[in-house]
Asker: 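One structure, pasted below without further comment.
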Amino acid sequence: MMTSAKILFTALVLILMAVILPLSGSHSAFAEKLPPPGELVRYKLIGAYAKPQIDSLFKPGALENMLSKGDGNVKTPGSAENAVKAYLVEYSTANTDGKTVAVSGLLLVPDPSSGQFPVLSYQHGTIFERRKAPSYLNSCSESILMLHTFAAHGYVVSMPDYIGLGRSPLMHPYLVAGSEASSSLDMLKASKQLCAKLGVALNGTLFLAGYSQGGHSTMALQRLLETEHRPDLPVTASAPMAGPYNLYMLWSTWIGRPCYLSSAVMAKGVLAYNNAYNLKLPMGEIFRPPYDGTVATLLDGNHREEEIIGILPRNPAALFTRSFLKRMNTGNHPFYTTMKANNTYEWYPEAPTTLYHGMKDDVVPYKASEIAYYFMKRGSDKVRICNLGDYNHMTAFIPALFTAKGWFDSYR
């Protein structure tokens, strides 16, 4: 799956010119009694971006050059229409064991705050290192793109770090749909509370988007919002992008055709599910030596993606034991069961929903969106699929983002 640190490496040079304030406060939400899930605990202004600064975030022509590889119909958002303020948000949410925990996220607010603004909840892609999460704005390329693409054009942007990333020291419940949805929903609630404190008026429209893991999270969040029929947060439109909506399909694809991220992502998923569902799987039954003794430390949220990929074997068959892979292949394993339970496409959307995907995606196959589309289409006339053309997983991200923005703008 696309990782935040890798999104633009092949096409862009990121030049961040911002006023960044210290991230650490004199005290932290993580060491005190917490309010119920969805409550704002603390916030801090961490960045102020003038329009010229935003316009200089990318080298001239870099985005246009990226889009030129497609059919030429995708347009850049253009020059910034407003300045942006960035806030670190600390809020409460429920962990997979039901306990209330403190987590963090990023809120981007148009400046000046006169007028009424739509809200976009953006769910980020796979991150291995905590300090690459959205609230570490200058370390997260997705945060910079959301600032440039949406916040600088009149959107309030809510970006959850999720549990276990950003300021949260816990294990990240990676691809656990319920946790992705609830932590994103609680970030939305906290963002609305902060907007009220800041005097930022919202116009009642809510958009959802996310790429790769963020596509999976976006589907999970939309499903939660719509199945709960929340009158306070009606979804206007949703754009899941290149997500692994059918997790076992992705697993089996990577067993037969690994990509550079396969082993790292699959190991991360096993550890996350083992913890979130208390499966108590012995590492020696899952991982071959020497990885059975090292993989948990390697994926503890403190190691760089490049380091992890460099240490783990590219082929998952060299990482996992033969017996584990055999049981997964026959569907006779607790991890298989929990994986199937975290598919996010088996429901019928109520809000307009567009699935964006590059035809030559080399990480999450285009088939993942096709399967989701054909299932959801059976029960909803609100779903469509957007084939972005001959982009792979990394190069499709910006065309997907810009195309979705044009679609969202039509609902404002």
Side-chain angles (χ1 to χ4, degrees), residues 1-12 123-133 139-142 162 164-165 171-176 180 210-217 240-273 286-288 291 294-320 324-325 328 335 339 342 344 356-369 391-398 400:
M1 265 164 283
M2 183 205 69
T3 61
S4 294
K6 291 283 187 180
I7 296 169
L8 305 177
F9 282 6
T10 58
L12 305 175
Q123 289 63 239
H124 67 75
T126 298
I127 292 173
F128 292 94
E129 190 178 357
R130 286 189 181 89
R131 295 179 68 90
K132 297 292 185 182
S139 298
C140 180
S141 54
E142 283 183 273
Y162 310 141
L165 296 171
M171 176 175 282
H172 173 42
Y174 183 57
L175 295 175
V176 176
E180 291 173 332
Y211 196 90
S212 198
Q213 181 196 357
H216 184 269
S217 302
M241 306 172 188
Y245 316 117
N246 185 320
L247 293 173
Y248 185 71
M249 189 213 77
L250 185 62
W251 176 279
S252 58
T253 296
W254 281 351
I255 292 297
R257 191 175 68 249
C259 72
Y260 75 100
L261 275 175
S262 299
S263 289
V265 168
M266 293 164 81
K268 185 176 174 72
V270 169
L271 293 175
Y273 282 25
I286 306 297
F287 300 103
R288 293 174 181 265
Y291 308 111
T294 61
V295 71
T297 300
L298 189 62
L299 291 166
D300 64 0
N302 298 315
H303 293 74
R304 294 180 300 108
E305 175 190 321
E306 294 80 7
E307 179 185 3
I308 296 167
I309 292 173
I311 292 175
L312 296 181
R314 179 183 175 92
N315 190 338
L319 174 64
F320 297 106
F324 172 64
L325 292 177
M328 284 295 293
F335 181 67
M339 181 183 290
N342 283 280
T344 55
Y356 293 87
H357 216 129
M359 178 60 76
K360 292 189 175 180
D361 196 313
D362 51 342
V363 178
V364 181
Y366 181 79
K367 184 179 179 182
S369 285
Y391 290 102
N392 63 29
H393 196 66
M394 286 199 299
T395 59
F397 174 65
I398 288 178

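Please read all numbers here as calculations on a predicted model, not as lab measurements.
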Asker: Could you walk me through whether Glu142 and Phe397 pass the side chain to side chain contact (heavy atoms under 4.5 Å, CB included) test, one step at a time?
Answerer: CA-CA 10 Å; Glu142 283 183 273; Phe397 174 65; 4.2 Å; yes
Asker: To the nearest 0.5 Å, what is the distance between NZ on Lys268 and CD1 on Ile127?
Answerer: 8.5 Å
Asker: Out of Asn342, Leu250, Leu247, which one pairs with Leu175 under the side chain to side chain contact (heavy atoms under 4.5 Å, CB included) rule?
Answerer: Leu247
Asker: What's the spacing between Leu299 CG and His172 NE2 if we round to 0.5 Å?
Answerer: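 These two atoms lie 11.5 Å from each other.
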Asker: Provide the closest heavy-atom pair for Ile255 versus Met266 in the form atom of the first, atom of the second, distance.
Answerer: CD1-CE, 3.6 Å
Asker: Restricting to non-hydrogen atoms, name the atom on Val363 and the atom on Pro365 that form the minimum distance, rounded to 0.1 Å.
Answerer: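 Closest approach of Val363 to Pro365, heavy atoms only: O-CD, 3.6 Å.
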Asker: Check for a donor-acceptor pair, side chain of His357 on one end and backbone N or O of Val364 on the other, with a separation under 3.5 Å.
Answerer: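 Flag set: sc His357 to bb Val364 pair under 3.5 Å.
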Asker: By salt bridge (charged side-chain N to carboxylate O under 4.0 Å, His left out), which residues pair with Arg304, not counting sequence neighbours?
Answerer: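 Once residues adjacent in sequence are excluded, the partners of Arg304 under the salt bridge (charged side-chain N to carboxylate O under 4.0 Å, His left out) criterion are Glu306.
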Asker: In chain order, what residues pass the ring pair (Phe, Tyr, Trp, His ring centres under 6.0 Å) check against Tyr291, with sequence neighbours excluded?
Answerer: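 Result, ring pair (Phe, Tyr, Trp, His ring centres under 6.0 Å) vs Tyr291: none returned.
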Asker: For Phe320, check ring pair (Phe, Tyr, Trp, His ring centres under 6.0 Å) against everything at least two apart and list the hits.
Answerer: Trp251, Phe287, Phe324
Asker: Output, in order, the C-alpha distance, side-chain angles, deciding distance and verdict of side chain to side chain contact (heavy atoms under 4.5 Å, CB included) for Tyr162 and Val176.
Answerer: CA-CA 11 Å; Tyr162 310 141; Val176 176; over 6 Å; no
Asker: So Ile286 and Phe335, do their side chains get closer than 4.5 Å, heavy atoms only?
Answerer: no
Asker: If we ignore hydrogens and angles and just use 3.5 Å, is the side chain of Ser262 paired with the main-chain N or O of Cys259 as donor and acceptor?
Answerer: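 Yes; at least one donor-acceptor contact below 3.5 Å.
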Asker: Between Thr126 and Tyr174, is there a side-chain donor-acceptor contact under 3.5 Å, judged purely by atom types and distance?
Answerer: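 Short answer, yes.
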Asker: Please determine whether side chain to side chain contact (heavy atoms under 4.5 Å, CB included) holds for the pair Met328 and Met339, giving the CA-CA distance in whole Å, both sets of side-chain angles, and the decisive distance to 0.1 Å.
Answerer: CA-CA 10 Å; Met328 284 295 293; Met339 181 183 290; 4.2 Å; yes
Asker: If we ignore angles and hydrogens, is there a donor and acceptor under 3.5 Å between the side chains of His393 and Asp362?
Answerer: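 Side-chain D/A pair, His393 to Asp362: absent.
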Asker: Looking at Arg314 and Ser263, would you say the former's side chain and the latter's main chain have a donor-acceptor pair under 3.5 Å?
Answerer: no
Asker: Any idea which heavy atoms bring Asp300 and His303 closest together, and the distance?
Answerer: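 Minimum heavy-atom separation between Asp300 and His303: OD1-ND1, 3.0 Å.
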Asker: I'd like to know if the side chain of Arg131 reaches the main chain of Asn302, judged simply by a donor and an acceptor atom lying under 3.5 Å from each other, with no hydrogens or angles considered.
Answerer: no
Asker: Do the side chain of Ser252 and the main chain of Tyr248 share a donor and acceptor less than 3.5 angstrom apart?
Answerer: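 Yes, the answer is positive, given that a donor and an acceptor are paired below the 3.5 Å cut-off.
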Asker: How far apart are the C-alpha atoms of Leu165 and His124, what are their side-chain angles, what is the distance that settles it, and do they pass the side chain to side chain contact (heavy atoms under 4.5 Å, CB included) test?
Answerer: CA-CA 11 Å; Leu165 296 171; His124 67 75; 3.7 Å; yes
Asker: Quick check for you: to the nearest 0.5 Å, what is the distance between Asp361 atom CG and Met241 atom CE?
Answerer: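 That separation rounds to 13.5 Å.
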Asker: Show the nearest heavy-atom pair for residues Ala264 and Leu312, with the distance to one decimal.
Answerer: CA-CD1, 3.8 Å
Asker: I need the minimum non-hydrogen distance between Lys132 and Ser139, along with the two atoms involved.
Answerer: CD-O, 3.6 Å
Asker: So, for Thr344 and His216, which heavy atoms are closest and what is the spacing to 0.1 Å?
Answerer: CG2-NE2, 3.3 Å
